[in-house]
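Letters A, B, ... mirror the listed sequences (proteins, then strands); counts begin at 1.
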Amino acid sequence: EPEVTQTPSHQVTQMGQEVILRCVPISNHLYFYWYRQILGQKVEFLVSFYNNEISEKSEIFDDQFSVERPDGSNFTLKIRSTKLEDSAMYFCASSPRMAVSYNEQFFGPGTRLTVL
Amino acid sequence: KQEVTQIPAALSVPEGENLVLNCSFTDSAIYNLQWFRQDPGKGLTSLLLIQSSQREQTSGRLNASLDKSSGRSTLYIAASQPGDSATYLCAVRLYAGNKLVFGAGTILRVKS
């Protein structure tokens, strides 16, 4: 069964460093998302991406964050200058289409980001 | 602003019991509602998706209902097993946009 994959599973970085989290969405999906979950808190939406542009973003997704689909299979989240509060589990998700009520989002296993 | 609440926060039951997890949301203008399972330190596994026009969905021992007008959904798990132990998350997708808004989850422990 097709699934969303994410690499790395765990990333440790120093405060102020740039990190890139990678995702391979399900191959025939058109919509891509990033969510994050700070330890002990709710899963929060960061950004959605369609047709090579951001379709929606949350207040969390400030200028330090960017997303890219560099080729036909990968979807990346970049954090330019990491802060301690960026430590969280980051989930990538994809869905086949958006504007229908049965649109289901499928999530990857997550990347645990630890900022020291 | 859409708020999603899940009750109870935690639940411990003996194996074999039928149980109900509750989810409520403040804005009834939703496209759909998804129930997920999350194992410790792991990703989210989609269990059921209910469209806004549907009243319930079933998959195996799981049954989810939706009452959009009252802003409620329930996840019913029949004949619970120790392997059902996990955190169960409810998430709604609004008409405006395509993001999911999550509840905090119910931590379920099924004792053998």
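- At a threshold of 4.5 Å between side-chain heavy atoms, the hydrophobic network of Ile, Leu, Val, Met, Phe, Trp and Tyr places Ile60(A) and Phe45(A) in two separate groups.
- Hydrophobic clustering of Ile, Leu, Val, Met, Phe, Trp and Tyr side chains at less than 4.5 Å, counting indirect connections, keeps Val43(A) apart from Phe61(A).
- Note on Ile26(A): it does not cluster hydrophobically with Leu49(B), by side-chain heavy-atom contacts below 4.5 Å among ILVMFWY residues.
- Within the 4.5 angstrom heavy-atom criterion, no atom of Gln54(B) approaches chain A.
- Remark: Glu3(B) CD to Lys42(A) NZ distance equals 5.5 Å, nearest 0.5 Å.
- Under the 4.5 Å side-chain contact rule for hydrophobic residues, Leu21(A) and Tyr33(A) do not share a cluster.
- Between the CG atom in Leu44(B) and the CD atom in Gln37(A) there is a gap of 7.0 Å [rounded to 0.5 Å].
- With a threshold of 4.5 angstrom between heavy atoms, Val101(B) does not approach chain A through any atom at all.
- Under the 4.5 Å side-chain heavy-atom criterion for ILVMFWY residues, no single connected hydrophobic cluster contains both Met89(A) and Val19(A).
- The backbone N or O of Leu100(B) sits less than 3.5 Å from a side-chain atom of Tyr35(A), completing a donor-acceptor pair.
- Put simply, CZ on Phe106(A) and OG on Ser46(B) are 6.0 Å apart, with the number rounded to the nearest 0.5 Å.
- No donor-acceptor pair closer than 3.5 Å links the side chain of Lys99(B) to the backbone N or O of Ser58(A).
- Checking side-chain atoms of Gln105(A) against main-chain N and O of Asn98(B) turns up a donor-acceptor pair under 3.5 Å.
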**OP:** Test Phe107(A) against Gln38(B) for side-chain contact (heavy atoms from CB on, under 4.5 Å), laying out the working first.
**Re:** CA-CA 11 Å; Phe107(A) 282 69; Gln38(B) 183 176 31; over 6 Å; no
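- Proximity to chain A (any heavy atom under 4.5 Å) is shown, for Ile30(B), by neither the backbone nor the side chain.
- The environment of CZ in Arg69(A) is crowded: more than 12 heavy-atom neighbours from other residues, nucleotides or ligands sit within 6.0 Å.
- For Asp62(A), the CG atom sits in a packed shell: over 12 heavy atoms of surrounding residues, nucleotides or ligands are nearer than 6.0 Å.
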